[in-house]
Trainee: 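Handing you a structure now.
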Amino acid sequence: MTSKSHNHGNVALITGANIGIGRITAIELAKNGFKVVIAGRSLERTQPVLDQINSLEVHQKPIFIPLELASLASVRECARLFLELNLPLHLLINNAGVAGQRGLTQDGFEMAFGINHLGHFLLTQLLLEKLQSSRLSRVITVSSRAHKRASGFDWEALRQPTKSWTGIQEYANSKLANVLFSSELAKRTHGSEISTYSLHPGVVDTEIWRAAPHWARKLLRLRGFLTPEEGALTTLHCAIHAPHQETGLYYADRQPMPTSALGCNAKLAADLWERSEVWVNQ
């Protein structure tokens, strides 16, 4: 980790930090001098994390902002509330996610795609100007090696309820979207002081799997779960240590790793970006 003085005054906004790797990430960033803003669904569930950060005797008190990624209106309100704080933004961590949930978001998108990709896409868009004005800022999107099992995008299916019984295929496609979004964002911010990274945190024993079938969770446990502390290491590396020139790359085990063939498909990334722009502005 870097010293507190190095990051003193820097501001980090992280989604879904009440549990799991997001919680550990928020606490460690606070220890390293960041003012942490947590965007999540429930103040009640986030309060223990806020209390723990405050108990560290940090000078930068944490802040909570409501956010429901399944609602684009909520995403817009979250961005508005953050901008009203009149703070800089040096670090945006798109951490929240769902796996195995089925159905549609409030705006009519397949659940995993709408929450894991589209909500974060819009949040980043709304905060991009703030990121650009804050100098040496970073956007980190928590993806997964599951993106390598993605089949590609059926654009029509993204506007329909989850088709698979487990939701695992849709989860893989949403994680592919995370990788493509991060690489395309790097292209579109080329020449700026923004750097962007996507990452696989490892298979972590967190509540993200709570909606998956029991047999699927059991299979994952047989393969071996990481602790949230272990899972947060790559996020923290990208937040603090990853070189600016590695912007747009995909990380695992705290180092750049190859993506799937679809994960480095520049045309698919551009198509996804353009469609996402239309969808969030309908």
Side-chain angles (χ1 to χ4, degrees), residues 15-16 20-22 69 92-102 105 109-121 123-124 139-155 157-158 162-164 166-188 196-204 206 208-209 211-212 216-217 219-220 223-226 231-235 237-238 242 246-276 279:
T15 65
I21 63 173
L69 284 164
L92 172 60
I93 304 183
N94 295 319
N95 166 81
V98 296
Q101 289 194 21
R102 305 177 72 252
T105 67
F109 296 93
E110 191 282 317
M111 190 69 76
F113 179 82
I115 292 175
N116 295 349
H117 166 66
L118 208 57
H120 283 129
F121 176 88
L123 183 64
T124 306
V139 178
I140 296 161
T141 303
V142 178
S143 181
S144 169
R145 72 181 180 196
H147 85 273
K148 296 183 179 182
R149 297 195 295 273
S151 56
F153 301 117
D154 176 341
W155 303 115
L158 297 177
T162 311
K163 291 184 176 180
S164 76
T166 63
I168 290 176
Q169 186 58 55
E170 288 83 359
Y171 173 75
N173 288 341
S174 75
K175 295 291 103 177
L176 171 63
N178 290 156
V179 171
L180 293 171
F181 160 68
S182 185
S183 63
E184 184 68 13
L185 178 61
K187 291 181 181 179
R188 290 172 183 255
T196 174
Y197 314 88
S198 62
L199 65 98
H200 169 59
V203 182
V204 183
T206 72
I208 190 174
W209 300 103
R217 297 197 304 274
L219 181 61
L220 287 166
R223 294 173 60 186
F225 272 129
L226 299 178
L233 290 174
T234 299
T235 302
H237 177 82
C238 291
E246 292 179 357
T247 181
L249 297 187
Y250 167 76
Y251 271 72
D253 295 323
R254 288 172 281 178
Q255 58 187 327
M257 291 286 187
T259 68
S260 66
L262 286 174
C264 56
N265 185 317
K267 182 181 184 305
L268 186 61
D271 286 349
L272 174 65
W273 185 285
E274 290 165 9
R275 288 175 184 268
S276 297
W279 285 334

Trainee: Looking at Tyr251, is its backbone amide N or carbonyl O close enough to the side chain of Tyr197 to form a donor-acceptor pair, meaning the two atoms are under 3.5 Å apart?
Mentor: no
Trainee: What is the distance from atom OG1 of Thr259 to atom NE2 of His200, rounded to the nearest 0.5 Å?
Mentor: 13.5 Å
Trainee: So, the side chain of Thr234 versus the backbone of Arg254: is there a donor-acceptor pair under 3.5 Å, distance only?
Mentor: yes
Trainee: Would you check if His120 and Thr141 make a side-chain contact, meaning some heavy-atom pair closer than 4.5 Å?
Mentor: no
Trainee: For a quick test of reading the model, state the closest non-hydrogen atom pair linking Ser260 to Leu176 and the distance between them.
Mentor: OG-CD1, 4.4 Å
Trainee: Ring pair (Phe, Tyr, Trp, His ring centres under 6.0 Å) with Phe153: which residues, sequence neighbours excluded?
Mentor: Trp155
Trainee: Can you tell me how far CD1 of Ile140 sits from CG of Asn178, rounded to the nearest 0.5 angstrom?
Mentor: 13.0 Å
Trainee: side-chain hydrogen bond (donor to acceptor under 3.5 Å, both in side chains) with Thr162: which of Gln101, Glu110, Gln169?
Mentor: Glu110
Trainee: Sequence neighbours left out, what pairs pass side chain to side chain donor-acceptor pair (under 3.5 Å) with at least one residue falling in residues 261-276?
Mentor: His117-Ser276, Lys267-Asp271, Trp273-Glu277
Trainee: Does the side chain of Leu118 come within less than 4.5 Å of Leu158's, by heavy atoms?
Mentor: no
Trainee: Would you indicate whether the side-chain heavy atoms of Tyr171 and Asn116 approach each other to under 4.5 Å?
Mentor: yes
Trainee: Any idea which heavy atoms bring Gly263 and Val179 closest together, and the distance?
Mentor: O-CG1, 3.6 Å
Trainee: Using the ring centroid of each side chain, check whether His147 and Tyr250 are separated by less than 6.0 Å.
Mentor: yes
Trainee: Is it true that the side chains of Asn94 and Thr124 contain a donor and an acceptor less than 3.5 Å apart?
Mentor: yes
Trainee: Hey, is the main chain of Thr15 close enough, under 3.5 Å, to the side chain of Asn95 for a donor-acceptor pair?
Mentor: yes
Trainee: Kindly write out the residues that satisfy side chain to side chain donor-acceptor pair (under 3.5 Å) with Ser182, not counting sequence neighbours, or none if the list is empty.
Mentor: Thr196
Trainee: Taking all non-hydrogen atoms of both residues, which atom of Ser174 and which atom of Ala112 are closest, and how far apart?
Mentor: CB-O, 3.6 Å
Trainee: Starting at CG of Leu69, measure out to OG1 of Thr105 and round the result to the nearest 0.5 Å.
Mentor: 10.5 Å
Trainee: Check for a donor-acceptor pair, side chain of Lys175 on one end and backbone N or O of Val142 on the other, with a separation under 3.5 Å.
Mentor: yes
Trainee: Could you pull out the closest heavy-atom pair between Pro201 and Ile21, with the gap in Å?
Mentor: CB-CD1, 3.8 Å
Trainee: Starting at CG of Leu180, measure out to CG of Leu185 and round the result to the nearest 0.5 Å.
Mentor: 12.5 Å
Trainee: What heavy-atom pair brings Ala186 and Thr247 nearest, and what distance separates the two atoms?
Mentor: CB-OG1, 3.5 Å
Trainee: So, the side chain of Glu170 versus the backbone of Phe113: is there a donor-acceptor pair under 3.5 Å, distance only?
Mentor: no
Trainee: Kindly give the heavy-atom pair with the smallest separation between Ser164 and Arg102, and that separation in Å.
Mentor: O-NE, 2.9 Å
